[in-house]
Asker: 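Dropping the structure in here first, questions after.
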2 protein chains.
Amino acid sequence: MERAALTTAAVVADAAALADQAGFDAVTLSAVARRLGVRAPSLYSHVRDREALLDGITALALGELAERIAAAIAGRAGRPALEAFATAHREFALQAPGRWQSLQRRAGEIAVRSGGARQMVTLTRAVLRGYPVPQDQHVHAVRVLGSTINGYLALERSGGFNHSAPSPELSWHKTVQALDALLNSWPTGNPS
Amino acid sequence: MERAALTTAAVVADAAALADQAGFDAVTLSAVARRLGVRAPSLYSHVRDREALLDGITALALGELAERIAAAIAGRAGRPALEAFATAHREFALQAPGRWQSLQRRAGEIAVRSGGARQMVTLTRAVLRGYPVPQDQHVHAVRVLGSTINGYLALERSGGFNHSAPSPELSWHKTVQALDALLNSWPTGNPS
DNA sequence: GGGAATGCCTAATGGCCATAGGCTGTCGGC
DNA sequence: GCCGACAGCCTATGGCCATTAGGCATTCCC
């Protein structure tokens with residue numbers, strides 16, 4: 001019996017793969033152990049508990065998403081940058097649904113410390129540089145952007161669009177277009 | 001031993017209360033049974049299985065939210081209506097976190113059929129009537145609105161704002177303001 | 001008063017997380 | 001080349017959960 005050479009990273013990676021295949025909720029220590037040809041308790045040498053495993057997936061996903069986004073918006077500004085930013089999000093959600101799902105929960109210590117979150121904020125701000133949004137409004141704009149993009153993908157994923165007509169594709173385009181328009185004329189004062 | 005007079009509705013209502021107190025994930029047949037002073041298997045007379053129970057909560061929450069929104073936007077139009085619409089959402093999320101959480105998942109048969117979903121769409125369209133958004137764009141606008149509001153509340157709830165400065169309150173206001181501006185100048189053509 | 005239906009119960013199965021403690025092969029020090 | 005420590009996996013166990021099967025009492029209608 002060869003040593004399986006398990007490491008924390010390997011366990012987390014396999015768990016992430018399982019999440020993509022069977023859904024985030026299907027990520028269970030037992031299931032991962034089965035996939036790795038090992039008994040469940042053995043995993044506790046590499047992972048503190050289930051929560052830590054899930055948090056590890058979150059950290060991994062955060063890093064991967066940041067990487068994709070960085071590559072996507074490099075060399076772009078303004079609307080093209082925004083579109084690349086949004087598309088990177090959406091493709092990540094579609095291609096790695098389990099990992100994406102792992103981002104939609106209260107992040108634990110590991111994930112927060114991993115720096116991926118900070119990186120995401122930095123990247124979002126980079127997109128904003130191409131728009132006439134004043135510095136002191138950036139935080140708000142970052143939040144609106146994150147809310148809308150994540151919210152849209154969550155709705156799409158949970159089937160919120162299955163019962164009305166036009167394709168999600170079309171609405172997605174309109175949504176990004178709307179965000180572009182919004183950033184271009186960011187409301188500053190207190191207009192009545 | 002008095003007959004507890006359990007009904008499907010009573011079980012679902014108690015489950016919803018539990019969800020608000022302990023989180024949606026804490027809604028377990030065992031826990032609900034304990035609260036009702038009954039053994040877990042007894043609940044199967046009223047509820048098909050756990051999934052049906054959760055779906056029941058979703059249907060209940062959908063109806064309650066629609067009711068709140070209807071009351072909030074009655075007699076208002078334009079920006080006040082939008083603000084009332086958004087506020088109703090947020091207050092629901094803050095006051096009934098478990099019920100709100102139940103809306104953030106793939107809805108099952110019961111919830112879909114309950115008509116609450118359709119009612120929500122109708123109410124959102126009602127808000128749009130106060131804005132110069134062309135009819136054929138309403139679907140998209142409904143989706144953008146839903147995405148942003150839900151997305152914001154999800155982010156707020158999952159602590160996404162805990163690590164940066166300004167209060168969520170402020171950003172929330174800015175977000176609603178931004179949506180107002182967006183609807184007022186909804187991008188129609190294909191502006192380059 | 002009898003019988004069926006209603007509504008709760010106990011018993012039992014199987015899955016999951018988690019802890020405790022045991023076994024084995026590998027490797028550094030001598 | 002031997003020995004002890006340690007790394008890394010194992011079995012055994014306990015507790016909680018969902019779900020099914022089958023039993024017992026109360027109620028209500030005839």
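The sequence lines fix the lettering, A, B, ..., with proteins before strands; numbering per chain opens at 1. Everything numeric here is computed off the predicted structure, so don't read it as measured data.
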Asker: If we ignore angles and hydrogens, is there a donor and acceptor under 3.5 Å between the side chains of A/Q95 and A/R90?
Answerer: no
Asker: Roughly how many Å is it from OH in A/Y44 to C1' in D/dC9, rounded to a whole number?
Answerer: 15 Å
Asker: Take the protein atom CZ of B/R50 and the nucleotide atom P of D/dT20, then report the distance between them rounded to whole Å.
Answerer: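 Those two atoms, CZ and P, are 15 Å apart.
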Asker: Is it true that A/Y44 and A/D49 share a donor-acceptor pair across their side chains at a distance under 3.5 Å?
Answerer: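 Judged by distance alone, the side chains do not pair up.
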Asker: Could you state the CG-C1' distance from B/L43 to C/dC8, rounded to the nearest angstrom?
Answerer: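 Answer to the nearest Å: 10 Å.
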Asker: Side chain of A/T58, backbone of A/S102: donor and acceptor closer than 3.5 Å?
Answerer: yes
Asker: If I take atom CG in residue A/L36 and atom P in nucleotide D/dG8, what distance separates them, rounded to the nearest angstrom?
Answerer: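 Atom CG in A/L36 sits about 15 Å away from atom P in D/dG8.
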Asker: Test your reading of the model: is there a side-chain donor-acceptor pair from B/T8 to the backbone of B/H46, 3.5 Å cut-off?
Answerer: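 At least one qualifying donor-acceptor pair exists.
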Asker: Would you say A/R39 reaches D/dC9's phosphate, i.e. side-chain N/O to OP1/OP2 under 4.0 Å?
Answerer: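 No.
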Asker: Checking A/R35 now: which residues fulfil salt bridge (charged side-chain N to carboxylate O under 4.0 Å, His left out) with it, not counting sequence neighbours?
Answerer: A/D14
Asker: Is it the case that the ring center of B/Y152 lies less than 6.0 angstrom away from the ring center of B/W172?
Answerer: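 Yes, close enough.
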Asker: Any idea which heavy atoms bring A/S167 and B/R143 closest together, and the distance?
Answerer: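 Heavy atoms only, the tightest pair is O-NH1, 3.7 Å.
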Asker: Heavy atoms within less than 4.0 Å of DNA chain D: which residues of residues 27-35 of chain B have one? Give them sorted by number.
Answerer: B/T28, B/L29, B/S30, B/R34
Asker: Between D/dT19, C/dA20, C/dC8, which nucleotide gets closest to the side-chain atoms of B/D49?
Answerer: D/dT19
Asker: Could you state the atom-to-atom distance from CZ of B/R48 to P of D/dA18 in whole Å?
Answerer: 15 Å
Asker: Is it true that A/E64 and A/R68 make a salt bridge, defined as a side-chain N closer than 4.0 Å to a carboxylate O?
Answerer: no
Asker: Return the residues of residues 12-22 of chain A meeting this criterion: a heavy atom under 4.0 Å from some atom of DNA chain D. Order them by number, or give none.
Answerer: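 Result for residues 12-22 of chain A: none.
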Asker: Do any side-chain nitrogens or oxygens of A/H46 fall under 4.0 Å of OP1 or OP2 in D/dA7?
Answerer: no
Asker: Is any side-chain heavy atom of B/H140 closer than 4.5 Å to one of A/H173?
Answerer: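 Not in contact.
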